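Written out below as structure tokens is the structure these notes cover.
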Amino acid sequence: MASGEGIQKSPTGIEGFDELTLGGLPTGRPTLVCGSAGCGKTLFASTFLIHGAREQSEPGVFVTFEERPSEIVANVASLGFDLDGLIEDGRILIEHITIDASQVAEIGDFDLEGLFLRLELAIDQIGAKRIVLDTVESLFSAFTNQAILRAEIRRLFDWLKDKGVTAVITGERGDGTLTRQGLEEYVSDCVILLDHRVANQVSTRRMRIVKYRGTAHGTNEYPFLIDEDGFSVLPVSGLSLDHHVYDERISTGVPDLDAMLDGGGFFRGSSILLSGVAGSGKSSIAAAFADAACARGETALYFSFEESAQQAVRNMRSIGIDLGRWIEAGLLHHVAARPTFYSLEMHLAIMLREISRRRPRLVVLDPISAFIDSGDPLEVQAMLLRIVDFLKVEGITGVFTHLASSADLIETEAGLSSLMDAWILLLNREASGEFNRELYLLKARGIAHSNQVREFLMSEAGLRLLPPYVGEGVALTGAARRAEENRERRNEASRRDEALRRQREVDHRRRRALAQIEALQAEIEADEAELDALVRSEDDYARQAVSDASGMVEARKGR
Amino acid sequence: MSQEPLRPIRLTLYVAGQTPKSLAAIRNLERICEEHFPGRYAVEVVDLRTAPHLAREHNIVAIPTLVRELPSPMRKLIGDLSDTEKVLVSLSVNEA
């Protein structure tokens, strides 16, 4: 194996943990996992061991001082691990060491060489590279001579190091100290503290790397989760800052809204806030976003903090959006959780984990305001900042809905506006005895967009945005708009009638004039004909007169 | 002390190699047995270093460990058996 580059690390197979520690636990060294009862120490240790046996071809020994081997097998079976199979293959060995203090009398000096011999036997039997000791506290309760125990525990850690096995030793948390004896943390190369805290009746599991000799590590507390997928640590910070920047535009799923955005929708990877009062159509637009993403063949992830998946599918069907088919096709994942179900950071952690696993192109959080009540505003803002950042880094389009408490409120409690690339404001305004939904594009970074307040209609045919009636210095919506439009229509009709009438009148006059022109023309022609005739007869007369005169002259000469 | 009806005592002493503790335990046990249970005891010394699987079989953790196989119930003593009184009390073979 490569050396020189710091210490070797053994992956634990615990989601998130290996990333956090840049590789896992220190290879060939003892790690202490401490915490109070029920915080997941044994699960951490089992996952480490099973991962080693299954994925890393590193056989492991599970030394249990408390639970019976059959109980351990049953416990991990519920997480989908076939421990029996691994035991049969000789890749895992469970060594059950029981010490019943009531049966044992201590007389004089002793040591734990028997334990060492048994560990050695077990390690050599399967060629173990990993070992778990769960939990060493049991030894302290079994023997009364604590001075010997302390010396022996110290020797045990050294011995494990000499053996070169990667060890996980679990320990109960003491009062004000990491462990009851205040000893193990000093002799371990790596100390991991698991914690289980309850605040506002919501419990959160947290993990902290207290110490890790010879390597850099995050010192923060990280939430972790134990669920059907086992143990996963959820690192929520330490993200790189190279954002993807997309020029590609994606449809909002509402053609009229796309049209307001210079024709093409929002930029991929942008964060879009939909804020509005109750019933203003936030979820519907969010669903339209998801629908459009799935229609493009992309995957979408919908986190709902109010509705279940079935509810959302049914409700969205009423506005012509069929989310059910996308869920069936595996393109849309709907994750529903009550805000109070987890603590804030746990929610964040779960969301980040889901996003990392499913790798969607679009994520909807509906609504983010659900968190505002469940925590300190600063924490909420920090959490949302993290998720927005995370989505940005991953180039995932984020759609966030926010329930505004007042219609006039053009600000969000969590101070989100600066985080968002686009902000769609949904209004539900009362005018002349009716509420009308309106939509306004408050902000859309980098996109020329309409400044109009549009009327927002939801029907079986889908979502539509109607241009408002604009006239006499006001924009009108709803019945007022329709009334105004009707009045306009009536005005228009009468104006059209009037125009027609005038046209006909003019036409008539024109035709009459034309007729007159025709008559006069005829008159002129008649006059001209008469004049012609007169001229001709005058000429004849003149010619006759001349010839008559010359005839007279001839006659007078008498020739 | 030895007026009781003589019941056979079978003891197993688990040690690990020739460590001072192990040797002390062997010495102490032999002395105690000779003094207090002459003729009715049987001691087997098991060196776990040569047979470590026996540690697993008999669930031995501490060294030295003395196991009273007979009379039953089984009892375990750990340590170098340096306190004779305590050993006798713990073995409690003189009680009914």
Side-chain angles (χ1 to χ4, degrees), chain A residues 61-66 68-69 87 93-126 128 131 133-153 155-156 159 163, chain B residues 11-29 31-33 45-69 72-93 95:
Chain A
V61 174
F62 197 109
V63 183
T64 169
F65 295 96
E66 288 172 344
R68 297 174 176 284
I87 292 169
L93 190 139
I94 300 183
E95 177 81 17
H96 187 206
I97 297 178
T98 50
I99 308 147
D100 188 353
S102 65
Q103 280 187 357
V104 178
E106 285 174 37
I107 300 156
D109 197 11
F110 66 95
D111 57 38
L112 299 182
E113 191 60 30
L115 172 70
F116 287 78
L117 287 169
R118 287 172 74 172
L119 296 184
E120 182 154 39
L121 181 67
I123 290 168
D124 293 346
Q125 191 176 332
I126 59 166
I131 190 165
L133 295 156
D134 183 40
T135 101
V136 286
E137 299 304 325
S138 312
L139 287 173
F140 284 99
S141 56
F143 298 101
T144 48
N145 192 332
Q146 303 294 295
I148 290 179
L149 251 298
R150 292 175 75 88
E152 286 300 284
I153 294 287
R155 188 159 74 94
L156 176 65
W159 181 82
K163 277 302 256 186
Chain B
L11 303 170
T12 310
L13 181 66
Y14 294 93
V15 294
Q18 305 286 309
T19 63
K21 277 192 278 281
S22 295
L23 294 174
I26 293 168
R27 256 196 331 271
N28 287 333
L29 183 62
R31 182 176 46 78
I32 292 166
C33 287
V45 177
V46 175
D47 187 353
L48 293 176
R49 207 171 280 286
T50 55
H53 63 279
L54 291 175
R56 186 188 288 172
E57 270 171 42
H58 299 287
N59 197 24
I60 306 300
V61 174
I63 293 292
T65 295
L66 178 65
V67 177
R68 185 187 79 182
E69 314 273 0
S72 54
M74 194 185 83
R75 296 212 54 153
K76 276 185 185 172
L77 280 72
I78 59 172
D80 58 11
L81 312 174
S82 49
D83 188 329
T84 307
E85 279 305 309
K86 267 195 183 171
V87 173
L88 289 174
V89 169
S90 298
L91 285 176
S92 58
V93 282
E95 290 149 31

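Keep in mind that what you see is a predicted model, and the values were worked out from it rather than measured. Numbers restart at 1 for each chain; the letters A, B, ... are given by sequence-line order, proteins then strands.
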*asked:* Quick check: closest heavy atoms across Ser90(B) and Ile107(A), and the distance to 0.1 Å?
replied: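 Taking Ser90(B) first and Ile107(A) second, the nearest heavy atoms are OG-CD1, 3.7 Å.
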Measuring from [X]:[atom1] to [Y]:[atom2], what's the distance to the nearest 0.5 Å?
X: Phe110(A); Y: Asp80(B); atom1: CZ; atom2: CG; result: 10.5 Å
X: Leu117(A); Y: Arg49(B); atom1: CG; atom2: CZ; result: 5.5 Å
X: Leu119(A); Y: Arg56(B); atom1: CG; atom2: CZ; result: 10.0 Å

*More than 12 non-hydrogen atoms from neighbouring residues, nucleotides or ligands closer than 6.0 Å to NZ on Lys86(B), yes or no?*
no
*asked:* Assess the residue pair His96(A) and Asn59(B) against the criterion (side-chain contact (heavy atoms from CB on, under 4.5 Å)); give the C-alpha distance rounded to whole Å, side-chain angles, the decisive distance to 0.1 Å, and a yes or no.
replied: CA-CA 9 Å; His96(A) 187 206; Asn59(B) 197 24; over 6 Å; no
*Please state whether the side chain, the backbone, both or neither of Glu120(A) comes within less than 4.5 Å of a heavy atom of chain B.*
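Contact with chain B: none, neither part.
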*Could you tell me which portion of Gln125(A) (side chain, backbone, both or neither) has an atom closer than 4.5 angstrom to a non-hydrogen atom of chain B?*
side chain
*Picking from Asn145(A), Thr98(A), Asp109(A), which has the most non-hydrogen pairs under 4.5 angstrom with chain B?*
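Most heavy-atom pairs under 4.5 Å with chain B: Asp109(A).
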*Heavy-atom pairs under 4.5 Å with chain B are the metric here; pick the option from Leu115(A), Asp111(A), Leu112(A), Ile97(A) that has the most.*
Asp111(A)
_Exam field: side chain Arg118(A) to backbone Val61(B), donor-acceptor pair closer than 3.5 Å_ = no
Extract all donor-acceptor atom pairs below 3.5 Å that involve side chains of residues 16-27 of chain B and protein atoms in other chains or at least two apart in sequence.
unit_1   : atom_1 : unit_2   : atom_2 : d
Thr19(B) : OG1    : Ser22(B) : N      : 3.2
Thr19(B) : OG1    : Ser22(B) : OG     : 2.8

*Of all residues at least two apart in sequence or in a different chain, which pass the side chain to side chain contact (heavy atoms under 4.5 Å, CB included) check with Thr84(B)?*
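In terms of side chain to side chain contact (heavy atoms under 4.5 Å, CB included), with neighbours along the sequence ignored, Thr84(B) is linked to Arg31(B), Ile32(B), His36(B), Leu88(B).
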